[in-house]
Number of protein chains: 2
Amino acid sequence: MAGERAASWQSIRDTIMLRIRDRTYPPGELIPNEADIAAEFGCARATVNRALRDLAEEGFLDRRRKAGTRVIEAPQRKATLEIPQIRREVEARGQVYGYRLLARATGPAPEEVRARLKLPEAEATLYLESLHLADGEAHMFEQRWVVLRTVPGIASADLAAVSPNEWLVREAPYTHGGIACHAEPAGQAAAAALGCAPADPVLVMERQTWLHEAPITYVREHFAQSYRLCLGL
Amino acid sequence: MAGERAASWQSIRDTIMLRIRDRTYPPGELIPNEADIAAEFGCARATVNRALRDLAEEGFLDRRRKAGTRVIEAPQRKATLEIPQIRREVEARGQVYGYRLLARATGPAPEEVRARLKLPEAEATLYLESLHLADGEAHMFEQRWVVLRTVPGIASADLAAVSPNEWLVREAPYTHGGIACHAEPAGQAAAAALGCAPADPVLVMERQTWLHEAPITYVREHFAQSYRLCLGL
DNA sequence: TTGATTATTATGTGCAGACATATAATCTCG
DNA sequence: CGAGATTATATGTCTGCACATAATAATCAA
C-alpha cells in the first residue's frame, strides 16, 4: 500500500525485455495481451501500449491486430551509421580539417552513374572531384555527380569554399537514399589524390540520394586504408 | 466545412515535415508549441506530441522542456545496417548457403583481442575460424573469439553444423556492441580461404558484443572483393 | 553586483474511456 | 468440402484531463 509508485512505460518496457531475455516469454511465443499486462502492473492500457510499441520498434516484438504480440525468433539487430560528415569527424578528433576542389565539370554523366540514378542519357550533371584532409594528410577522395535539374542552385555555389556535401546537407534535403560499401584497389585517380599505390586497398562508400522521385546526387567516397567506418550498437 | 476528418498524428507529422522542408519552419528556429499546433489542427495535444516525438526520434527536431521545439540545423541523418546474417543474405539471393568450420581451439586470446574485449590475460576463449559459401563459392572468412565465461554453453555446441553466429544469435542475446569496417589486404589466412591473392583488397568488418559488462565475442569477418555491404536510408 | 530562490512555461507522462481497424476464427451456403 | 460472408478480438489511435519535470526567466536578498 505504501510504495506502489505508478509504473512508468520505461519500467514496463524493461521488465518485459528481461522476460524476453530470460525466456519467460520464449522466442516465437505470444505474450499476454495489453489489457492483461496493464492489469498486472496496475496501469492503463495506453502505458503498456507505449512500452510494447517501443520494443516492437527496436525489433524484439512483432505486433499484429487481433493476432497479438509475439517475441521475434532471431531478432534482426540493427546498427546505425551516422552518415559521415567529414568535417565534423575530423574536427571531433581535434584535427584541422581541410578541403580542396580538384575538378569541376558540367555535362552528361557516364553510363554507370546514369543507371544508378535512373537518368535519361542527355541529363546535365555537375561532376565534382574533391579531396578532404585531416591535419594536412589526405583523408578521403570523392567523386560526385549532382543532377542540375533537381538542384539548380548548386551551379552558383562557391564549392571551393564549402564542400559539396556540406552545401547539399544545408540546401538540398533528401527524402531517401542508399549506401553501399566495398573494398577495392585505389586505382589511378584515388591513388594520386590519397598518396598511396594504385593497388592499395581503399574502402569505397557509394551513396545516392533522392528527393521523392527526383535524383539528387551520386557520390563515391574513397577512404584511406587507415580509416575505420564505425557503426553504433 | 464538410470534410474535416480528425487529424491523425501521421498527417500532422507529414505536414510539419513539409514545413521543415519548405522552410516555413527554418533550420534552427523554434516552431509553435504543442498547444498551438493542436489548436491549429483541431486535435488534442497528445496527438501533436506523438507527431513531434516521431520527428524528434528521426532527428529533425530538438525538443526540450520549457525551451520548446526547434528545427535541427543540419540533421545528422542516420543509415541503418541490418547486421548481416550470412545464411539469410545468401539464401535471400536464391543461392545455396554453405559453411565450413576450419579451425577450433581453446585458450587465451591474443593481446589485441584481449584489449578490445577488456579481458584479463588468462581468460579462456574459444577461437573459431570458419568459411561461409554461396553456391559453393567462398563468400566470407571469419575469425572469432568467444569468451567462455560468458557463454559456457558454446563449448558443447555442434559448431560443425551450426555457424557460431547463428548459435550466438539464438542462444546468447547481447545488450550492446560495436562495429567497425575498413579495407585491408587479405593476408595469408584470408587469401587462402577466399581463394584470392594475399595483396587483394578485402572488406573487414569487426564486431564485438557484450551482455551488460560481460564480453561475449569479437569477430573479424573478411568479405571477398565483390561483396557490397548495403545500408538503408 | 551577485547568488540563491521562486515562478513560469513547454514538454513528458499518466489515466479512463471510446472508437477504428486489421485479421484470425468461425459460420453459412452452394 | 470450399469460398465467401460474418464475428470476435487485440492492437492502434484519439480525446480531455491531470500532474510531473526540466529549464529558463524573474525576483529577491545579501
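Each chain gets a letter, A, B and so on, in the order its sequence line appears, and its residues count up from 1. Note: hydrogens, waters and symmetry copies are ignored here, and every other heavy atom, side chains too, is used.
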What residues from residues 56-71 of chain A pass a heavy-atom cutoff of under 4.0 Å to DNA chain D?
A/Arg63, A/Arg64, A/Arg65, A/Lys66, A/Gly68, A/Thr69

Please report, to 0.1 Å, the donor-acceptor pairs under 3.5 Å made by any side chain of residues 141-156 of chain B, with sequence neighbours excluded.
{"from": "B/Glu142", "atom 1": "OE1", "to": "B/His132", "atom 2": "NE2", "distance (Å)": "3.2"}
{"from": "B/Glu142", "atom 1": "OE2", "to": "B/Arg144", "atom 2": "NE", "distance (Å)": "2.9"}
{"from": "B/Glu142", "atom 1": "OE2", "to": "B/Arg144", "atom 2": "NH2", "distance (Å)": "3.4"}
{"from": "B/Gln143", "atom 1": "OE1", "to": "B/His222", "atom 2": "NE2", "distance (Å)": "3.4"}
{"from": "B/Arg144", "atom 1": "NH1", "to": "B/Thr217", "atom 2": "OG1", "distance (Å)": "3.3"}
{"from": "B/Arg149", "atom 1": "NE", "to": "B/Glu123", "atom 2": "OE1", "distance (Å)": "3.1"}
{"from": "B/Arg149", "atom 1": "NE", "to": "B/Glu123", "atom 2": "OE2", "distance (Å)": "2.9"}
{"from": "B/Arg149", "atom 1": "NH2", "to": "B/Glu123", "atom 2": "OE1", "distance (Å)": "2.6"}
{"from": "B/Thr150", "atom 1": "OG1", "to": "B/Pro215", "atom 2": "O", "distance (Å)": "2.6"}
{"from": "B/Ser156", "atom 1": "OG", "to": "B/Gly153", "atom 2": "O", "distance (Å)": "3.1"}

Would you mind classifying the nucleic acid contact of B/Ala46 as base, sugar-phosphate or nothing, using non-hydrogen atoms under 4.0 angstrom?
base

B/Asn49 has an atom CG; how far is it from atom P of D/dT13, in whole Å?
14 Å

Does B/Glu40 have more than 12 heavy atoms from other residues, nucleotides or ligands lying within 6.0 Å of its CD?
yes

Set of residues satisfying salt bridge (charged side-chain N to carboxylate O under 4.0 Å, His left out) with respect to B/Glu213, sequence neighbours excluded:
none

Tell me, please, which residues at least two apart from A/Arg50 pass side chain to side chain donor-acceptor pair (under 3.5 Å).
none

Checking B/Tyr25 now: which residues fulfil side chain to side chain donor-acceptor pair (under 3.5 Å) with it, not counting sequence neighbours?
B/Arg19

If you only use heavy atoms from C-beta on, which nucleotide in D/dG12, C/dA16, C/dT13 is closest to the side chain of A/Ala44?
C/dA16

Nucleotide nearest B/Ser8 when distance is taken to its side chain, options D/dC14, D/dT15, C/dG14:
D/dC14

In whole Å, I'd like the distance from the CZ atom of B/Arg50 to the P atom of D/dT15.
13 Å

Residues of residues 24-34 of chain A with any non-hydrogen atom less than 4.0 angstrom from an atom of DNA chain D: list those, numerically ordered, please.
A/Asn33, A/Glu34

Could you go through residues 53-60 of chain A and list every donor-acceptor pair under 3.5 Å that involves a side-chain atom there, pairing it with any protein atom two or more places apart or in another chain?
{"from": "A/Asp54", "atom 1": "OD2", "to": "A/Arg13", "atom 2": "NH1", "distance (Å)": "3.0"}

For a quick test of your reading: what N or O donor-acceptor pairs under 3.5 Å do the side chains of residues 65-78 of chain A make, sequence neighbours left out?
{"from": "A/Thr69", "atom 1": "OG1", "to": "A/Arg63", "atom 2": "NE", "distance (Å)": "3.2"}
{"from": "A/Arg70", "atom 1": "NH1", "to": "A/Gly28", "atom 2": "O", "distance (Å)": "2.8"}
{"from": "A/Arg77", "atom 1": "NH1", "to": "B/Tyr174", "atom 2": "O", "distance (Å)": "3.1"}

Salt bridge (charged side-chain N to carboxylate O under 4.0 Å, His left out) partners for A/Arg64, two or more places apart
A/Asp62

